Number of protein chains: 2
Amino acid sequence: MEIQGLPGRLLDELGPAIASGEIPEGAVLRGEELEERFGVSRTVVREAVRILEGMRLVASRRRVGITVQPRSLWDVFDPLVIRWRLAGADRSAQLRSLGSLRVAVEPAAAALAAVHASDDDRRELGSLAVELTVSARAADLTTFLRHDIDFHATVLRASGNEMFAHLGDTVGAVLTGRTEYHLMPHQPEPYAIRLHREVADAICAGDAAQAEQAMRTIVAGALEELNQQLG
Amino acid sequence: MEIQGLPGRLLDELGPAIASGEIPEGAVLRGEELEERFGVSRTVVREAVRILEGMRLVASRRRVGITVQPRSLWDVFDPLVIRWRLAGADRSAQLRSLGSLRVAVEPAAAALAAVHASDDDRRELGSLAVELTVSARAADLTTFLRHDIDFHATVLRASGNEMFAHLGDTVGAVLTGRTEYHLMPHQPEPYAIRLHREVADAICAGDAAQAEQAMRTIVAGALEELNQQLG
DNA sequence: ACAGCTCAAAAGTATGACGATTTGGTTTCC
DNA sequence: GGAAACCAAATCGTCATACTTTTGAGCTGT
């Protein structure tokens with residue numbers, strides 16, 4: 001999953017620094033400066049910069065240097081960029097954006113899943129809904145989180161749309177972030193649990209409309225809750 | 001927008017070849033082989049490969065080589081990956097995926113735009129709707145396409161959600177692809193034009209529900225049409 | 001003030017050397 | 001004969017260095 005080697009380590013330093021705004025838009029870095037600052041060779045710096053360039057976080061120009069691009073050009077769907085922004089000063093903006101994205105995508109994915117899910121997918125959703133209920137009753141937040149992530153990822157995957165499926169990890173990151181930063185009730189709400197059960201049942205029954213509606217209620221609720229917490 | 005220099009040229013060769021499946025999943029390349037095949041140095045090959053690695057199209061391992069990753073790991077939201085897939089053998093699958101994504105996202109974006117659009121945005125939407133009507137009547141497909149792309153990009157941008165905004169280029173690529181590959185009626189349908197007008201009016205009037213509904217009709221229609229064309 | 005020229009700074013590319021790691025075969029020891 | 005330990009080759013990873021190309025800024029002369 002991660003980028004390997006020294007360029008990866010450099011990325012772990014530069015990426016978060018840029019994503020958080022610590023290195024602001026328009027800032028100019030020089031390759032040589034980075035070599036010294038991190039004690040690595042030209043090769044390593046260049047490869048790391050190339051990757052950042054691929055994410056549109058920076059652009060490298062001769063005679064000028066490596067300039068941090070305006071935020072509007074960043075590849076906001078890149079999983080690493082999302083992770084970096086979630087970890088830094090941009091956290092709330094990123095959570096809001098992702099919240100709206102979830103409201104748009106997850107209901108549609110649930111509807112598609114009701115039509116396209118395999119038998120295995122349906123079985124898994126059923127058992128995840130059960131485990132979700134159990135860990136919620138036990139107030140076991142860690143286990144609950146894991147199952148919640150699995151649940152949403154499974155729905156997205158079961159939709160049969162590769163692009164939706166890829167948002168599984170991103171949604172996972174959102175849920176993790178929400179839990180880590182205590183933007184969640186300490187005990188999952190019974191109402192939300194019931195809705196997950198409903199989504200699973202509707203998908204198993206092939207009822208697209210109900211799956212979509214129940215999922216919409218879940219993600220819209222999560223977004224509303226988020227907006228309250230963040231003001 | 002593009003990656004510069006020799007690594008960029010290499011990317012333009014390798015990326016499409018991998019995205020189209022010409023170089024299949026699991027295939028193994030050696031750096032030295034690529035140097036010879038393209039007549040460039042290690043530096044260039046390594047940087048190109050790093051970028052592909054950032055897109056999760058390949059993984060590089062010692063003593064093994066550069067292996068093409070399974071499609072399920074690819075960064076399907078990366079604009080370059082999308083473009084490469086649209087240009088190659090994966091075109092229909094990619095168009096289908098993007099079609100569903102549009103059905104999920106664009107109505108939500110229209111609803112948000114009705115609330116958040118700036119005065120400039122609203123003005124621009126109004127005039128784009130007019131120009132759309134004009135170029136459609138004139139059966140000027142090139143101009144129509146340009147305005148259509150602008151229209152959808154403007155709605156996405158006006159939503160105020162950076163992630164939606166970023167899908168503007170992608171939607172543009174879809175519309176372009178659809179026109180290029182003659183997956184579109186030679187004269188835009190008057191019904192679709194009226195719907196664009198409706199979206200613009202609803203957003204200008206701040207009517208989120210109607211903006212969402214009209215946009216949903218547009219993109220759902222486009223998806224249905226696509227499914228008919230592709231069987 | 002303006003146009004053009006010159007120069008130097010920075011990234012881009014090439015190359016040789018060495019290090020690190022993984023794989024797969026080979027040897028060795030029960 | 002089989003299993004474990006070992007070794008060697010293949011390949012990427014990193015470093016150091018030299019050369020090339022682009023381009024911005026300042027200088028120069030009108």
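Values in this document were obtained by computation on a predicted structure and should not be read as measured data. We use all heavy atoms of the structure for the numbers below, so side chains are in, but hydrogens, waters and symmetry mates are not. Throughout, protein chains are lettered first and strands after them, A, B, ... in sequence-line order, and every chain is numbered starting at 1.
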Q: Using a heavy-atom cut-off of under 4.0 Å over every strand shown, decide if B:Thr43 touches base, sugar-phosphate, or nothing.
A: base
Q. Of all the choices, C:dT13, C:dA14, D:dG24, which nucleotide is nearest to the side chain of A:Val64 once you look at every atom?
A. D:dG24
Q. Rounding to a whole Å, what distance do you find between B:Arg62:CZ and C:dG24:C1'?
A. 18 Å
Q: To the nearest Å, give me how far apart CZ (A:Arg30) and P (D:dT22) are.
A: 22 Å
Q: Let me know the distance between CD of A:Glu35 and C1' of D:dT17, rounded to the nearest Å.
A: 12 Å
Q) For B:Ala93, which residues count as a side-chain contact (heavy atoms from CB on, under 4.5 Å) partner, sequence neighbours excluded? A) B:Arg85
Q) Rounding to a whole Å, what distance do you find between A:Glu33:CD and C:dA9:P? A) 16 Å
Q | Whole-Å distance separating the CZ atom of B:Arg46 from the P atom of D:dA16 | A | 15 Å
(Q) Please report the distance, rounded to the nearest Å, between CD1 in B:Ile51 and C1' in C:dG12. (A) 13 Å
Q) Looking only at side-chain N and O atoms, does B:Ser60 come under 4.0 Å of OP1 or OP2 in D:dG13? A) yes
**Q.** d(CD, A:Glu47; C1', C:dA11) in whole Å
**A.** 15 Å
Q: Round to the nearest Å and state the distance from A:Arg63 atom CZ to D:dT20 atom C1'.
A: 16 Å
Q) Would you say B:Arg9 has more than 12 foreign heavy atoms packed within less than 6.0 Å of its CZ? A) no
Q | C:dT13 phosphate, OP1 or OP2, under 4.0 Å from A:Arg50 side-chain N/O | A | yes
**Q.** Donor-acceptor under 3.5 Å (A:Trp74 side chain, A:Gln69 main chain)
**A.** yes
(Q) For A:His196 together with A:His147, are the ring centres under 6.0 Å from each other? (A) no
**Q.** Heavy-atom donor-acceptor pair, B:Arg42 side-chain to C:dG16 base, under 3.5 Å
**A.** yes
